[in-house]
Amino acid sequence: MSTTREHSLAFVSKRSFIGDTLNCKRPDFMPLIGYARVSTEDQTPLPQSQALKSAGCAEIFEEHASGGNRARPVLARVLERVQIGDTLVVVRIDRLARSLSHLLEVIERLEAKGAFFRSLQDPIDTSSPQGKFTLQVLGAAAEFERALIRERTKAGLASARAKGRVGGNPGLSAKDPAALRKVRLARQDGYMERLNETAQDWVPHVRRLRPDMAWEDVLRIINGPLPHDRHWTQSRLLRAVKAYVRDGFLPDEVLARARRRDTDDRLPAIIAAIKGADPDITLQAICDRLESMRERTPRGRTTWQPSSVRMLLERAEKLGMLE
């Protein structure tokens with residue numbers, strides 16, 4: 001089959017699940033953002049970047065990080081960067097996530113922003129019906145696996161009770177210090193594991209904005225792009241930050257008292273923070289973000305206009321808030 005014939009079929013069907021990356025180019029010219037990851041500094045992401053460029057990605061982000069680490073700064077920046085209509089593209093699924101739960105979490109974040117996901121070497125393209133079906137199958141398989149684990153656990157406990165064995169830790173019943181310490185450490189590990197799953201939502205903002213900005217404003221910037229069911233409370237965020245500071249993932253100074261700021265400088269600081277998280281964000285997107293944060297304009301209105309955002313960005317630049 002000729003190359004011209006391959007391009008023609010790709011244009012008509014939009015997607016063909018063969019290894020040739022030519023068939024992965026998008027006929028509707030939607031923005032494609034590539035993400036390439038390797039685990040160590042000795043490895044090179046060049047082959048992935050070349051495949052992503054061949055697939056039509058004009059913008060490609062490269063990262064050296066373990067796939068098991070969910071708090072990857074470049075990935076967090078990419079997820080903040082994507083806008084409605086964009087498509088995040090990877091060469092293989094394992095370049096993005098090592099677990100099904102993490103993959104589904106990332107795709108959920110993309111869908112919340114009106115963006116899509118595609119893997120060049122796997123049959124997943126959430127902009128196509130086939131890709132959505134594959135994703136639904138993966139989600140159903142994950143839920144089925146969790147249900148099996150629950151049923152096996154219940155059956156095991158029922159069998160043990162039928163044989164006269166009572167569950168529980170004898171050391172805990174006896175209040176043994178070593179047993180209590182082991183349980184406490186296990187709970188801490190479980191808490192840190194859950195935090196790592198959401199670190200990309202809040203760690204970059206805390207690292208960048210504290211202590212220059214008050215916790216209340218940091219919280220609103222974090223919650224701005226998130227679905228309502230994933231919003232943070234201030235007490236929960238502070239607990240997470242303290243845990244990360246304790247384990248050395250964040251510097252001590254993020255917990256310092258917020259620096260005093262003039263009332264007139266608050267809005268420029270918030271807008272500068274939004275712009276700093278995504279330098280390519282449009283004025284209208286900043287307006288949408290401010291409205292989702294329920295931030296009022298300097299005149300007390302609830303609806304923002306790009307001209308107001310531009311004026312405050314210029315003020316933020318004069319105050320040295322923009323890099």
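Worth saying up front: this structure is predicted, and the values here are computed from it rather than measured.
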Practice prompt. Start with the C-alpha gap between Arg301 and Arg296, add the side-chain angles, then the distance that decides, and say whether side-chain contact (heavy atoms from CB on, under 4.5 Å) holds.
Written response: CA-CA 5 Å; Arg301 297 173 180 171; Arg296 291 184 176 272; 5.9 Å; no
Item to complete: I would like to know whether Arg72 and Gln200 meet side-chain contact (heavy atoms from CB on, under 4.5 Å); could you show each step before the answer?
Response: CA-CA 7 Å; Arg72 291 175 241 154; Gln200 58 194 9; over 6 Å; no
Discussion item. Leu313 vs Lys275, test: side-chain contact (heavy atoms from CB on, under 4.5 Å). Steps then yes/no.
Written reply: CA-CA 9 Å; Leu313 277 174; Lys275 180 73 172 177; 4.1 Å; yes
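Of the listed residues (Ile33, Leu32, Val78), just one forms a side chain to side chain contact (heavy atoms under 4.5 Å, CB included) with Asp86, and that residue is Ile33.
Remark: Arg92 engages Asp94 in a salt bridge (Lys or Arg N to Asp or Glu O under 4.0 Å) (not counting sequence neighbours). Qualifying side chain to side chain contact (heavy atoms under 4.5 Å, CB included) partners for Pro73, counting only residues two or more places apart in sequence or in other chains: Glu63. The salt bridge (Lys or Arg N to Asp or Glu O under 4.0 Å) check on Glu111 picks up nothing, with sequence neighbours excluded. Taking Trp304 as the reference, nothing meets the ring pair (Phe, Tyr, Trp, His ring centres under 6.0 Å) condition, with sequence neighbours excluded. Applying the side chain to side chain contact (heavy atoms under 4.5 Å, CB included) criterion to Asp252, with sequence neighbours excluded, gives Val245. Scored by the side chain to side chain contact (heavy atoms under 4.5 Å, CB included) test, Thr303 finds Glu291, Gln305 as partners (sequence neighbours excluded). Legend: residues meeting side chain to side chain contact (heavy atoms under 4.5 Å, CB included) with Arg294, ordered by chain and number and at least two apart, are absent. Shown here are the salt bridge (Lys or Arg N to Asp or Glu O under 4.0 Å) partners of Arg109, two or more places apart in sequence or in another chain: Asp201.
Across all non-hydrogen atoms, the minimal contact from Lys113 to Arg81 is NZ-N, 4.5 Å.
Within the 3.5 Å criterion, the main-chain N or O of Ile124 finds no donor-acceptor partner in the side chain of Asp122. A donor-acceptor contact shorter than 3.5 Å is absent between the side chain of Thr87 and the backbone of Phe116.
Within a 6.0 Å sphere centred on CD of Glu197, heavy atoms belonging to other residues, nucleotides or ligands number more than 12.
Applying the ring-ring contact (aromatic ring centres under 6.0 Å, His included) rule to pairs touching residues 195-221 yields Trp202-Trp232, Trp202-Tyr244, sequence neighbours excluded. Sorted by first and then second residue, the ring-ring contact (aromatic ring centres under 6.0 Å, His included) pairs with a member in residues 33-87 form an empty list; sequence neighbours excluded.
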Under 3.5 Å donor-acceptor pairs involving side-chain atoms of residues 282-290, not counting sequence neighbours:
from	atom 1	to	atom 2	distance (Å)
Thr282	OG1	Ala285	N	3.1
Gln284	NE2	Asp288	OD1	3.1

Return a table of donor-acceptor pairs under 3.5 angstrom between the side chains of residues 43-52 and protein atoms on other chains or two or more places apart.
from	atom 1	to	atom 2	distance (Å)
Gln43	OE1	Ser39	N	2.9
Gln43	OE1	Thr40	N	3.2
Thr44	OG1	Leu46	N	3.1
Gln48	OE1	Arg37	N	3.1
Gln48	NE2	Arg37	O	2.8
Ser49	OG	Pro45	O	3.2
Ser49	OG	Glu62	OE2	2.5

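Using a 4.0 Å cut-off between charged side-chain N and carboxylate O, Asp278 and Arg77 make no salt bridge.
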